[in-house]
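Scroll down for the structure; my scribbles are underneath it.
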Amino acid sequence: MPDLGLEVLWKGKNFARLLGGLWVALRISLISAGISVLAGILLGIAASRKRSVSSVVLRIWLSVIHVMPQMVLLFLMYFGTTRAFGWNLSGEAAAVIVFSLWGTAEMADLVRGAVTSIPVIQRESVEALGLKPGQIYRWIILPQAVRRLIPLSINLITRMIKTTSLVTLLGVVEILKVAQQIIEANRKASPNAAFGVYLTVFVMYYLACRPLSLAAKKLEKQWR
Amino acid sequence: MEWDYIEKVLPLYGKAAWLTLRTGTAGILLAALTGLLCAAALHWRVPVLRWITSAYVEISRNTPLLVQLFFIYYGLPKIGIRTDPETCGIAGLAFLGGSYMTEAFRSGVEAVDRIQEESALSLGLTRLQAFLHVIFPQAAAISAPAFMANVIFLMKETSVFSAVSLMDLMFTAKDQIGLYYRTTESLFLLVSAYLLILLPLSLLGSLLERRLRHAGFGT
Amino acid sequence: MAETVLSISHLTKQFDGQTVLEDLSLDVSEGEVVVIVGSSGCGKSTLLRCINALEEIQGGEIRLRGELIRHDGKNLPELRQKIGMVFQSYELFPHLTVLENLLLAPVKAQKRSRNEVREEALALLERVGLKEKADSWPRQLSGGQKQRVAIVRALIMHPEILLFDEVTAALDPEMVREVLDVIVSLADQGRTMLIVTHEMSFARAVADRIILLEDRRILEESSPDQFFTAPKTEQARKFLQTFEFIRKKKEEA
């Protein structure tokens, strides 16, 4: 059995430190996801009216986000704001802002899609029953839209967790950075630590994302 | 913004953009190849291979590219697999993209009605002929928008290559900011270069999607 | 006595343990037109699919001019070339033009020359009144036109026998006629055919022999005149009554 450098993990608090690093990454994604879901729902409902200002705003916003890599947006936020406004944004704050902007647009697009995809004939048939617009929203559109949305928003959160790995390049001390530090510190004692530690990071990300994507898949099938 | 400076560093960005384009294209082509093979293994239910494929798709889709790259670049040499930065970037992109391409191709093949294959078989075509002449052309047209979306997604993902010391656009911009504090110019050049690469792809993608959504064969 | 083209003996077909066809035997001789009728779900379509080896069979055997048709047989593509099948849903290939639809199998499977097949395709299209549609795409055709192309696609392989699986069931009423006319003219040319249909007047006109399939087996086998005027079995009478009922209603109105 070759030396896989796994023993480093059990030295001192290394494993706990890695978990702590994972938590930093997860925290960024969960905060951003929370903001995105709330803001996205509001923007999405507003943008579901055809030819409204918000629908135009959403479309422009989306095309910017679709065409620019996340990493470039992070860079713009991190370095650009310092330059333009003299803010000294921390990497973590820049990440939360960028991911929220990204997530809000995506979420709003999903909401808009879910709301507008409910056939007009259904609205008409309940209008014929004498329900008021508010009641139609509450009892007909909302429940169907929510069912369509939940799996899609879980997927968005999964993507957000994966994208959070980028913040290490802004100098945020998250799991990859912690991994680097551990490998660096044990360079002499365990020269093969890079294999074991990065493998662990790999598995940790997998374990964080897999249950979510599995749940999304299940719900999607169940509610189709 | 200082145009003299921009003119001076333009070749630097040109070189970096070329690197991004080159490694991105190579990675995407490999990803497409991987996707084709995996989709075939799943479609024909090849024993063992389809289990490996399913596991691979799961792992690839549930981990970030950056972590995959770190593992390939820093981890694998410890067990004797050494790669230079460019190979590592391409391999990482292929590993990530392969699973996305698998999904795109698989859903295309699944969308072609089974009875189309039966109709081809009933004319006396072999299974392979039926696949090549009847199923594949239809599946390819159905997969095209998803394929194009993957191409754009993967090209964007190359922006993390600087983490394995590839001197790509991100690397160059960061370098220039760090060395000369040319933040405005660097960010401007960075965004422009990516727009130059991604905007045509994105336009092509939406064109393709519109064509295939509103029309089938024969319009 | 004409030679037997298709011979089915003691055929049994099951789906997940449920028997759909049981111990079914049937011979079709050269130039004969056999029409199979029966209520939906009686296994008529399954029978045709078995003949073309699109379904695995659990018992008995099917032979085409003495050659055994097996679901896992090596010579299956060659055998299928001799069996023309027309589906209810046309199944033209949407990514190919009408002409390309017709050329695909003769050129790829039978390795015939493209030019020769092309000539024949155009001649056949002319016979069904679709010559000017040769370069159209399937989606530009009406259902009736699609089905006529599908018939030509089967004919151009020079099959020994033609199988028709409810070919008018998906058509709008006004298009049924044009398709059935083509089939009747094929009967006049002496083609060997096995036809599943719900069109009773067509069945009576085109058939040399009518077969009633019910409860997994052949219940009655008669000449068309006898079947429609004096059916031998109670089931056949009942089956025919379902059509009569519709006519009575019309008369009342």
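Quick note on labels: first sequence line is chain A, next is B, and so on, each numbered from 1.
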Check: Between B:L76 and A:F195, which heavy-atom pair has the shortest distance, and what is it?
Finding: CD2-CE1, 4.1 Å

Let me know if [X] has heavy atoms under 4.5 Å from chain A in its side chain, its backbone, both or neither.
{"X": "B:F153", "result": "neither"}
{"X": "B:S202", "result": "side chain"}
{"X": "B:I59", "result": "both"}
{"X": "B:L190", "result": "side chain"}
{"X": "B:L201", "result": "neither"}

Note to self: Below 4.5 Å, heavy-atom pairs only: which of A:P69, A:C209, A:G196 has the largest tally toward chain B?
What the structure shows: A:P69

Note to self: Let's test your reading of the structure: which of A:L214, A:L76, A:V201 forms the most heavy-atom pairs below 4.5 Å with chain B?
What the structure shows: A:L76

Note to self: Are there over 12 heavy-atom neighbours, none belonging to A:K11, within less than 6.0 Å of that residue's NZ?
What the structure shows: yes

Notebook entry, point to check: So, A:S52 side chain and A:R49 main chain: donor-acceptor pair closer than 3.5 Å or not?
Noted result: yes

Check: Has the side chain of A:E174 got a donor or acceptor atom that lies under 3.5 Å from a matching backbone atom of A:K177?
Finding: yes

I'd like to verify something: which residue of [options] has the highest number of heavy-atom pairs under 4.5 Å with chain A?
{"options": "B:K156, B:E58, B:E157, B:K174", "value": "B:K156"}
{"options": "B:P64, B:G80, B:G75", "value": "B:P64"}
{"options": "B:L195, B:I152, B:L65, B:I197", "value": "B:L195"}

Item checked: Residues B:E103 and B:R106 bridged, charged N to O under 4.0 Å -> yes

Margin query: Looking at B:R22 and B:E86, is there a salt bridge between them, counting it only when a charged N and a carboxylate O are closer than 4.0 Å?
Written below: yes

Margin query: Given heavy-atom pairs under 4.5 angstrom as the criterion, report whether the side chain, backbone, both or neither of A:T168 touches chain B.
Written below: side chain

Checklist line | Proximity breakdown for A:S165 and chain B, heavy-atom pairs closer than 4.5 Å | finding: both

Next item on the list: Take the angle between the ring planes of A:Y198 and B:Y74 and call it parallel below 30°, perpendicular above 60°, tilted in between.
Entry: tilted

Notebook entry, point to check: How are the rings of B:W3 and B:F188 set relative to one another: parallel (under 30°), tilted (30 to 60°) or perpendicular (over 60°)?
Noted result: perpendicular

